[in-house]
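This is a predicted model, so every value here is computed, not measured. In the text below, chain A, chain B and the rest are named by the order of the sequence lines, each starting its count at 1.
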Amino acid sequence: MSSILKDLNPPQKKSVSTINGPLMVLAGAGSGKTRVLTRRIANIVHQGISPHRIIAVTFTNKAAQEMKIRVEELIGKIDGLWIGTFHSIAARLLRMYHAQADVSRYFVIYDADDQKRLIKRILKELNVQPDAKIVRECINLFEAYRRGSINTLFKPYSHYYKIYREQLGKSDAIDFTGLLEYVLRLKDVLPELWDYVLVDEFQDTSKIQFDFLKMMVSKNRNICVVGDDDQSIYSWRGANPAYLLRFKQEFKGACTVRLEQNYRSTGNIIKAASSLVANNENRHEKTLWTSAEKGEPIAIASFETPAKEAKWIVKTIKDLKDNFDNFAVLYRLNAMSRNFEEELRRNKIPYRLIGGLRFYSRSEIKDILSYLRLALNKNSETDLLRVINKPRRGVGKKSIERLFKLARGENKTIWETLLELPPSIRGRSRKGINSFCRIIEELTCVAKDAPAVESIDLLLELTNSVGYGSLKDEEEEDRFENILELRRSMGEFTQKHPESTLHEFLDEVSLLSSSEEEDGEEGVNLMTIHAAKGLEFDYVFLPGWEKGIFPLIRQDEVDMEEERRLAYVSITRARKRVFISKVGRRGFWGAPQQVTASPFLDELPPECISWDKDSFVKSQDEEGGFSHYADIFKDNFEKFDKTGPSSPKSSVSKPRKRKITRKTKPSTKGKKPPTAENEKKIRTGVIVSHPKFGKGRVKVIAGQGKMRKAIVYFKSCGKKIILTSFLHPVADK
DNA sequence: CGTGACCAAATTTTT
DNA sequence: TTTGGTCACG
């Protein structure tokens, strides 16, 4: 017990020790809310409650993971405690209680990308040009409608929506919002499952999520929510800081605790952030304070171009001479990352790009996942359409159209139609379809209950790596490496959850966000402000404080208060220092536009900031200098492209589209049991020989046992993928 | 039916 | 700067 309450201030202590009844903890930035939550869980367990009766809801899967670890540090290994996001908890419950919720046991989760695809297809079928604007509008309206932000769906959209839901139903598919909708059907089950409920980041809870919570605790009201209305930055997703207020109405007699002492940042940082956010009308008054020193003022700098801004940031990072992981660059838009990546690379500084394109949304990965999902659920039309002709097997647009008509006419699913092909479908198309069905059926046998890896191995074999195995060019090679990476993570998943099958793996990856994939490498952190929520760094750089960018204006609209909260969140990520910058011209795709300083700059108290005069002057002087430099850079760039990696100036590395290629981990940690001695010898970089192709060098290795494969560059015929059992090591040199 | 060339559009933020 | 969609040809 002593360790559970150790080093806590009075309000923190109160939050940890009051375990019965509703409790709301208003926790300012850096006031130790994660600490409170973990201690609280530990305390409940310590009081003799079974961990099975406790559930903690976090905002991301990563936060869940971390919380679990921290609880275990306090009281040792625990089993049965549920920790997860709303969505992952809902998905898990729906799998367990699919009958009660009246959903298919084999439902598949459609992510944002699948959702978009489906809507596009529906529009096309209705002869509506599915341009991006309409698709966006559909998604926005559907979601707003479902979350209750709007009461009616108008003219064509109501129709689209109806069809959308029908299609999902027919496909046994559930989209993200659907997970929450359906889990509310478990009104008999839910109240019985847990006695203690904890919720992190409560300010970002949407109405439907709140309903979910209310159902969970309807029996004994032991609920503790932790949040900060000033950090509500997801209103576009239905979050509403008003629920913090609502909490007290909903749970009469709720106890409220305020955590206002900040343990993270210096005085200047706290003061600047607080006075900025104080400009919001709509907030609970609160006073965040710290006993820490004032520290350095917040530096503000101005530049002509984003390239110079990036140069300055990188230079400052170098001058500060600290561990690179202690730095973060937080921008408003993912699209802003590029300059920083380039500049860091040029200076050979390691960095981690967090967010951006999800590994699991890469098209080659989604192709594989579609196959695997189909193996478990053949009704999923989005998946079926995605891969029926991948790799090319002669099933083109015309055939697909015909299939659709057929299925529609006889009111059958596409899959049923495929199985009983009418004679009107002939030739290569017929052949292609048949072989496709065979693949899926074969896959199904394995997918049902074997560990996930076995399914992907079979799939790669049956499809010759879904057409990505031919390694025609660098890009294809990248794709194949990504597939091998997927295979690796499946293996890891099975190791972690030995009893699991493909289903569990697929659920997990559909609900993983881009910012929580394993990153491995350490270095300067690059991410959006949203992705930085809940994190902290010694030094924080905040570029792009310009009108239009931050606060961001889209379609002539700004939500000033939310943008200001975002600014508040961004500043309070810092422990020691904050550097804010702006530029004079910025543009993402077309010609750069003139931009002016963000109004937020004026809202920072003068005594907390210092304008970096140098940056203003320098930006004038260097004008010509930099563009000259840019030209040189461009030359090298082109040269590099032609001459290949051996080019001496290759500090300008990886110019290619391989943007966020996920780096293969340095070495697979816990080495698998060596199945053959062959396996030991055939490794990356080793020279091997093959009976048919002769000698070559191993580039990539994947798999184990008899499925172990290698990408080999052969002298005679270039790149090939070969089972390692066909290879023999050759003494190097 | 597959391929390659050309043109248009796109950039919030994420479960 | 990239991606995707369409069109014409083989």
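Using a 4.5 Å heavy-atom cutoff, the side chains of A:E341 and A:R345 are in contact.
Environment of NZ in A:K207: sparse, with no more than 12 heavy atoms of neighbouring residues, nucleotides or ligands closer than 6.0 Å. Crowding of A:F493 atom CZ: a count of heavy atoms from other residues, nucleotides or ligands under 6.0 Å exceeding 12.
Following rounding to the nearest Å, A:K116 (NZ) and C:dG4 (C1') show an atom-to-atom distance of 10 Å. The CG-P distance, from A:D204 to B:dT13, rounds to 16 Å in whole Å. Atoms CD1 (A:I134) and C1' (B:dA10) sit 16 Å apart, rounded to a whole Å. One atom, CZ of A:R362, and another, P of C:dT2, lie 14 Å apart when rounded to the nearest Å. Summarising the geometry, the separation between CG on A:L180 and C1' on B:dT14 is reported as 13 Å, rounded to the nearest angstrom. Atom-to-atom, CZ of A:F550 to C1' of B:dT11 comes out at 17 Å; the value is rounded to the nearest Å. In this structure, A:I549 places its CD1 atom 15 Å from P of B:dT11, rounding to the nearest Å. Rounding to whole angstrom units, CG of residue A:L333 and P of B:dA10 are separated by 15 Å.
Between B:dT12 and A:N334, no contact under 4.0 Å exists linking OP1 or OP2 to a side-chain N or O. The shortest distance between the side-chain N/O atoms of A:K120 and the OP1/OP2 oxygens of C:dG5 is below 4.0 Å. Regarding contacts with the backbone of B:dT14, every side-chain N or O of A:K533 stays at 4.0 angstrom or more from both OP1 and OP2. Side-chain nitrogen and oxygen atoms of A:T528 include none within less than 4.0 Å of the OP1 or OP2 phosphate oxygen of B:dT12.
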Report the C-alpha distance between A:F505 and A:H497 in whole Å, list the side-chain angles of each, state the deciding distance to 0.1 Å, and finish with yes or no for ring pair (Phe, Tyr, Trp, His ring centres under 6.0 Å). CA-CA 9 Å; A:F505 179 81; A:H497 314 276; 9.9 Å; no
Does A:S337 form a side-chain hydrogen bond (donor to acceptor under 3.5 Å, both in side chains) with A:Y351? I'd like the steps, not just the answer. CA-CA 11 Å; A:S337 68; A:Y351 65 86; over 6 Å; no
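A donor-acceptor contact under 3.5 angstrom links the side chains of A:Y110 and A:S380, judged on distance only. Side-chain contact, A:D175 with A:Y164: a donor N or O sits under 3.5 Å from an acceptor N or O.
The residue among A:L552 and A:A112 whose nearest nucleotide of DNA chain B is located toward the 5' end is A:L552.
Of the residues in residues 231-238 of chain A, those placing a heavy atom less than 4.0 Å from an atom of DNA chain B are A:Y234, A:W236, A:R237, in numerical order.
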Once base and sugar-phosphate atoms are separated, protein heavy atoms under 4.0 Å mark nucleotides 1-8 of chain B, 5' to 3', with B, S and - as SSS-----
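Here the side chain of A:A132 is nearest to one of B:dT14, C:dT1, B:dA10, namely B:dA10. Side-chain proximity of A:R554 to the nucleotides C:dT1, B:dT13, B:dT12 is greatest for B:dT12. Side-chain proximity of A:R338 to C:dT1, B:dT11, B:dT14: nearest is C:dT1.
Within the nucleic acid shown, A:K133 comes within 4.0 Å of sugar-phosphate atoms alone, with no base atom in reach, counting heavy atoms only.
Shown here are the salt bridge (Lys or Arg N to Asp or Glu O under 4.0 Å) partners of A:R165, two or more places apart in sequence or in another chain: A:E181.
Ionic pairing of A:R346 and A:E343 is present here: one or more N-O contacts between side-chain nitrogen and carboxylate oxygen are shorter than 4.0 angstrom. Of the charged side-chain nitrogens involved, none lies within less than 4.0 Å of a carboxylate oxygen, so that A:R237 and A:E143 do not count as a salt-bridged pair.
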